[in-house]
Structures are given as structure tokens and as C-alpha cells.
Amino acid sequence: MSASLFALRRRLLVALGLGASAGCSSPSTSAAPPAHARELADASARDACDPSFAFDACSPEDLAGPLAPRCHKDADCDDGAYGRCVAHNLGFGPSCVCDYSCSTDADCRSDEACVCDHAFADDHSRCVPALCRTDDDCPEGSCGFSSWFDGCRLESFLACRSPADTCLRDGDCETGQDCAYDPDAGHWRCRSEACAIGRPLVVAGTARTAPAVARADWLTEIDLPSDLPCAVQAAIASHWAAVAALEHASVASFAAVTLDLMTLGAPPDLLAEAQRAALDEIEHARFAWSLASLWSGRPLGPGPLALDGLPLRHVLEDIVETLVRDGCVGETLGAAEAQLGAELAAHPVLAARLADIAGDETRHAALAWRTLRWLLASHGHAVRLVALGTVAELRAELAADLPPDDECPAAPGWGLLRPRARRAHHRETFATVIEPVLRTLLGPTAVA
């Protein structure tokens with residue numbers, strides 16, 4: 001374990017009053033990113049899909065692995081069509097999980113369509129949300145298939161093309177972006193990798209952010225070189241613009257956290273920390289917008305943030321799931337990633353600012369873990385069950401293999417990591433920081 005991850009684990013355990021210590025993967029069943037925005041001329045006119053799997057069935061050796069199996073046999077997988085219990089390397093050891101396929105739309109929910117295996121890099125047919133099914137469903141006469149990897153998971157849709165689209169193909173976008181359907185915007189646009197690490201503002205399962213606009217009031221003075229090689233400068237600017245949008249939205253996310261805490265009758269110290277965290281995120285956003293502006297050559301800041309559809313959570317289970325996903329796990333990964341960026345930084349000014357952000361994110365993570373501890377004490381077993389289930393889902397998501405990324409631009413000294421390097425660091429953080437803290441907080445069977 002690196003010294004920085006050991007220190008992060010120690011700080012979280014000390015914040016919880018639990019003491020100072022606690023006790024590239026093989027192909028997975030999760031989809032790797034396919035070619036983005038592949039068009040399907042007529043989604044319903046295709047022949048029936050091949051529902052078969054290329055993955056190995058779960059073996060006795062997989063069942064005996066270090067992680068608890070999610071299934072033991074195919075009969076356990078009955079939440080969808082063609083359910084199979086397959087071998088899945090979670091990045092922390094082999095296990096068994098359910099996976100599902102389809103042959104026709106009848107195998108899917110009423111709002112989904114079956115997209116055949118050739119549309120996905122792992123040759124695995126699957127059901128995807130269908131906002132259209134044929135060209136006739138679209139005013140402009142074109143129903144397209146969008147499949148975009150946001151850095152964490154695959155997001156696929158059948159969606160109409162329209163005059164509101166700001167791109168037609170990946171070639172219309174800047175380096176590091178892809179042309180894909182955005183369910184929040186309601187049209188196709190250039191999308192940057194924006195895996196929501198930390199406290200994203202999540203609406204309907206997707207991180208909600210404000211658009212970038214020309215403005216200078218969010219910028220701070222930063223003494224960094226702006227004459228980097230052109231081949232990577234645009235990619236770095238795009239990366240920091242995406243980070244800035246997420247940090248800006250985190251201000252609203254912490255406002256929602258405050259409401260959640262007040263709904264549950266939280267003590268004043270947790271409320272005060274949530275308010276302080278929102279102020280931190282404003283400064284993080286200003287820093288990231290400043291970097292995006294520096295390397296894009298124009299002043300950038302956030303436009304209006306749409307809050308329509310934002311849920312106000314009142315159900316304990318929903319609050320706990322969001323807390324664990326975005327706070328305990330997300331903020332811990334964010335703290336570790338910021339510290340890695342500080343260690344790799346090519347300039348002392350950038351290193352110092354990222355180290356400060358890492359410290360802030362560590363406090364945010366500690367707030368989330370302390371909130372979980374308080375909920376466990378006040379609500380008991382129900383909270384523990386939701387926490388364990390959420391962590392299991394996140395573990396599986398994080399274990400998904402990524403495709404080769406040698407063509408992806410990289411500038412580690414300026415904060416831009418290749419997806420595989422970033423994923424490897426998240427896995428290490430999960431295994432060496434999150435799992436021990438979870439085990440200490442919830443008991444030795446928490447990660448069995």
C-alpha cells in the first residue's frame with residue numbers, strides 16, 4: 001500500500017474514533033465501451049438477437065473465491081431474460097454474478113429495446129432504454145443508438161436525432177470527447193469523461209451539471225505554464241472543465257445532504273460539516289474552472305444549473321444508499337485521486353493546490369463515514385443491510401474492465417490520467433482503504 005493511501009485510511013479511522021489501523025484484472029462480465037454513437041438505421045427491423053454469452057459459467061473455484069457470490073447457479077438469476085450465473089473477476093478476486101441477455105424486445109421492459117451483440121464491444125446483447133424504436137418514431141426521421149462510457153459505467157440509449165443536437169459524430173468533438181445522447185439535455189452533444197467521483201448531484205441516475213459558458217467571475221489567479229503541447233492541451237482543458245462542472249454541482253449536492261441530515265434529526269456537528277463542505281466545493285470549482293480556462297485560452301464558468309426532477313429524499317434506505325455511494329465511497333476515492341494528482345503534479349503550484357483539495361475531500365469522506373456510524377447507532381440493522389448492498393454494487397461497477405486506452409491522451413503531471421490508470425488507482429483505494437474502514441465499522445463479515 002502506498003504511504004498516501006495508508007495515511008488516508010488512518011485519518012478516516014481516527015475520525016471515526018476507531019483507532020489508527022484495521023486490518024489489471026481479468027475480463028469481466030461488464031461491458032467495455034463500444035464505438036460511440038453507433039447508428040442503428042431501424043432498431044426494430046433487425047432480426048432476433050443472439051442471446052448467448054461468451055463468458056464462462058461460474059465454477060466451484062469461483063464460488064470458493066474470497067468474495068461472496070451473488071449467485072450459485074443459473075436458476076438464481078431470475079430478474080431478467082436469459083439469466084446466467086457467470087464467472088466475474090471483481091478486481092479483488094473471482095466471484096459469481098448474474099448477467100442477462102435478450103433476443104427480442106419482448107425480453108425487455110416496456111420502455112426498453114433489445115440491442116444485439118454486434119453493438120457492444122463484448123459481443124453481449126442487452127436491453128437498453130428506448131426513447132425511440134424506429135425512424136418513424138422521430139420527427140426528424142432518425143433513431144440512433146448512443147453508447148457512451150463516462151469513466152465509470154456504460155450509458156446506452158436508443159434516441160432520436162434532432163436539430164438541437166450539437167454534434168453528429170465523434171469527429172465533431174474535441175479531443176477526449178464523444179458524441180452521445182445526453183438524457184438531461186434531451187439531445188446529442190459532445191460529452192467528456194465525467195465519472196462522478198465525490199458528491200455529484202444525481203438526478204434519475206445521472207450526474208447533473210451546469211453547462212460551461214463564457215464568464216470570468218469564477219476564476220482565480222493561477223501561476224502555471226499555459227504553453228503545453230497542442231496535442232494534449234485541449235484534452236487537459238476538457239478534463240478540467242468536466243471536473244469543474246462536477247465540483248460546482250457538488251455545492252447543490254451538499255445542500256441536499258443538509259436537508260437529508262435535517263430530515264433524520266442529525267446532530268449539529270454533522271450539519272456544520274455539511275455546510276463547510278459546500279463552501280469547499282465552491283473553491284474547488286473555481287480552481288478547476290481556472291485550469292480549464294487557462295488551457296482552453298478563454299474564460300469559462302458555470303451556466304445555470306437545472307434542478308428540475310431533483311428528488312427530495314425522505315426514505316431512510318434512499319438516504320443511506322446515496323450516503324454510501326457518493327459520500328463514503330465517492331469522497332474517499334476523490335480524496336485519494338486528488339492526492340495522487342498532487343504526487344504526480346509537474347508544477348509545485350498545482351501540487352500544492354491538489355494537496356489542499358485532497359485534505360478537503362478527506363474531511364468530506366470522514367463526514368460521510370461519521371454520518372453512517374450515527375445512522376447505524378440510531379437505526380441499526382436496516383442501515384447495515386442497505387450499506388452492504390450498495391458497497392457490493394459499487395465493488396462490481398469498479399471491477400469492470402476497460403478497453404485498451406493507448407490512444408487516449410494523457411498528461412499525468414497536469415491531472416489527466418488514462419482511464420485504465422485511474423481505474424487501477426480506484427481499485428487499490430477500494431481494497432486498501434474503503435474495505436478495511438467498512439469492515440471495522442460494520443464488522444468482519446462486511447466484505448466477506
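By convention here, the first residue in the shown sequence is residue 1.
Atom OG1 of Thr390 sits about 4.5 Å away from atom CD of Glu321, to the nearest 0.5 Å. Distance check: Leu291 CG to Leu300 CG gives 11.5 Å after rounding to the nearest 0.5 Å. Remark: Glu393 CD to Leu388 CG distance equals 11.5 Å, nearest 0.5 Å. One finds the CG atom of Leu201 at 6.5 Å from the CG atom of Leu307 (value rounded to the nearest 0.5 Å). Annotation: the span from Asp280 atom CG to Ile282 atom CD1 amounts to 9.5 Å, rounded to 0.5 Å. Distance check, rounded to the nearest 0.5 Å: OG1 of Thr263 to CG of Leu259 gives 6.5 Å.
Every residue two or more places apart in sequence or in another chain was checked for a disulfide (SG to SG under 2.5 Å) with Cys328, and none qualifies. Residues meeting the side chain to side chain contact (heavy atoms under 4.5 Å, CB included) test with Thr258, sequence neighbours left out: Met262, Leu271, Ala274, Gln275.
Ion pairing between a basic and an acidic side chain is recognised when a charged N comes within 4.0 Å of a carboxylate O; Glu331 and Arg363 show no such pairing. Ionic pairing of Asp117 and Arg126 is not present here: no N-O contact between side-chain nitrogen and carboxylate oxygen is shorter than 4.0 angstrom. Using a 4.0 Å cut-off between charged nitrogen and carboxylate oxygen, Asp182 and Arg189 count as a salt-bridge pair. A salt bridge does not link Asp360 to Arg276: none of the charged nitrogens lies less than 4.0 Å from a carboxylate oxygen. Comment: Asp356 does not engage Arg353 in a salt bridge, judged by the lack of any side-chain N to carboxylate O separation of less than 4.0 angstrom.
No more than 12 heavy-atom neighbours from other residues, nucleotides or ligands sit within 6.0 angstrom of CZ on Arg109.
A heavy-atom distance below 4.5 Å is found between the side chains of Trp295 and Trp240. In this structure, the side chains of Thr440 and Leu438 stay at 4.5 Å or more apart for every pair of heavy atoms. Under the 4.5 Å side-chain criterion, counting only non-hydrogen atoms from C-beta, Thr429 is in contact with Thr332. Proximity of Asp99 to Cys77: side-chain heavy atoms (C-beta onward) are nowhere separated by under 4.5 Å. Taking 4.5 Å as the limit, every side-chain heavy atom of Val115 sits out of range of all side-chain heavy atoms of Phe157. Taking the side chain as every heavy atom from C-beta outward, Val257 and Leu323 never approach each other to under 4.5 Å. Side-chain contact check for Leu279 versus Val251: every heavy-atom pair is 4.5 Å or farther apart. Two residues are said to be in side-chain contact when any heavy atoms from C-beta on lie closer than 4.5 Å; Glu283 and Glu247 fail this criterion.
For the cysteine pair Cys190 and Cys173, the distance separating the two SG atoms is below 2.5 Å. Under the 2.5 Å SG-SG cutoff, Cys98 and Cys85 do not qualify as a close cysteine pair.
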- Task: Under the disulfide (SG to SG under 2.5 Å) rule, what do Cys71 and Cys58 come out as? Steps first, then yes or no, please.
- Result: CA-CA 9 Å; Cys71 58; Cys58 200; 5.7 Å; no
- Task: Start with the C-alpha distance between Arg395 and Glu435, add both sets of side-chain angles, then the distance that settles salt bridge (Lys or Arg N to Asp or Glu O under 4.0 Å), and finish with yes or no.
- Result: CA-CA 10 Å; Arg395 184 186 294 115; Glu435 297 274 25; 3.0 Å; yes
- Message: Before you tell me yes or no, could you show the steps for Leu367 and Leu270 under side chain to side chain contact (heavy atoms under 4.5 Å, CB included), namely the whole-Å CA-CA distance, both residues' side-chain angles and the distance that decides it to 0.1 Å?
- Response: CA-CA 7 Å; Leu367 168 62; Leu270 296 183; 3.7 Å; yes
- Yes or no on disulfide (SG to SG under 2.5 Å) for Cys108 and Cys127, after CA distance, side-chain angles and deciding distance? CA-CA 6 Å; Cys108 305; Cys127 297; 2.0 Å; yes
- Message: Does Leu8 form a side chain to side chain contact (heavy atoms under 4.5 Å, CB included) with Gln339? I'd like the steps, not just the answer.
- Response: CA-CA 9 Å; Leu8 174 59; Gln339 184 59 44; over 6 Å; no
- Query: Should Tyr181 and Leu158 be marked as a side chain to side chain contact (heavy atoms under 4.5 Å, CB included) after you check the CA-CA gap, both sets of side-chain angles, and the distance that decides it?
  - Reply: CA-CA 9 Å; Tyr181 180 74; Leu158 287 172; over 6 Å; no
- Message: Test side chain to side chain contact (heavy atoms under 4.5 Å, CB included) on Leu416 and Arg422; report intermediate values, then the result.
- Response: CA-CA 9 Å; Leu416 181 58; Arg422 188 168 182 257; over 6 Å; no
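When all heavy atoms are compared, the tightest approach of Ala387 to Val320 is N-CG1, 4.2 Å. Residues Ser290 and Arg286 share a closest heavy-atom pair of OG-O, 2.7 Å. When every heavy atom of Asp223 is checked against every heavy atom of His347, the shortest pair comes out as O-CE1, 3.6 Å. Annotation for Trp369 and Leu12: closest pair NE1-CD1, 4.0 Å, computed over non-hydrogen atoms. In this structure, Ile236 and Ala411 approach most closely via the heavy-atom pair CD1-CB, 3.7 Å. When every heavy atom of Ser156 is checked against every heavy atom of Pro129, the shortest pair comes out as O-CD, 3.3 Å.
Formation of a donor-acceptor pair under 3.5 Å by the Ser293 side chain with backbone atoms of Pro299 is not found in this model. Formation of a donor-acceptor pair under 3.5 Å by the Asp76 side chain with backbone atoms of Lys73 is found in this model. Between the Ser101 side chain and the Ser125 main chain, a donor and an acceptor come within less than 3.5 Å of each other. For the pair Arg423 (side chain) and Leu398 (backbone), a donor-acceptor distance under 3.5 Å is present. A donor-acceptor pair under 3.5 Å is formed between the side chain of Thr322 and the backbone N or O of Asp318. The backbone N or O of Ala399 lies less than 3.5 Å from a partner atom in the side chain of Arg427, making a donor-acceptor pair.
Side-chain contact annotation: Glu428 with His425, donor-acceptor N/O pair under 3.5 Å absent. The closest side-chain donor-acceptor pair between His426 and Glu337 falls under 3.5 angstrom.
Under the ring-ring contact (aromatic ring centres under 6.0 Å, His included) rule, His248 has a single partner from Phe287, Trp289, Phe254, Trp218, which is Trp218.
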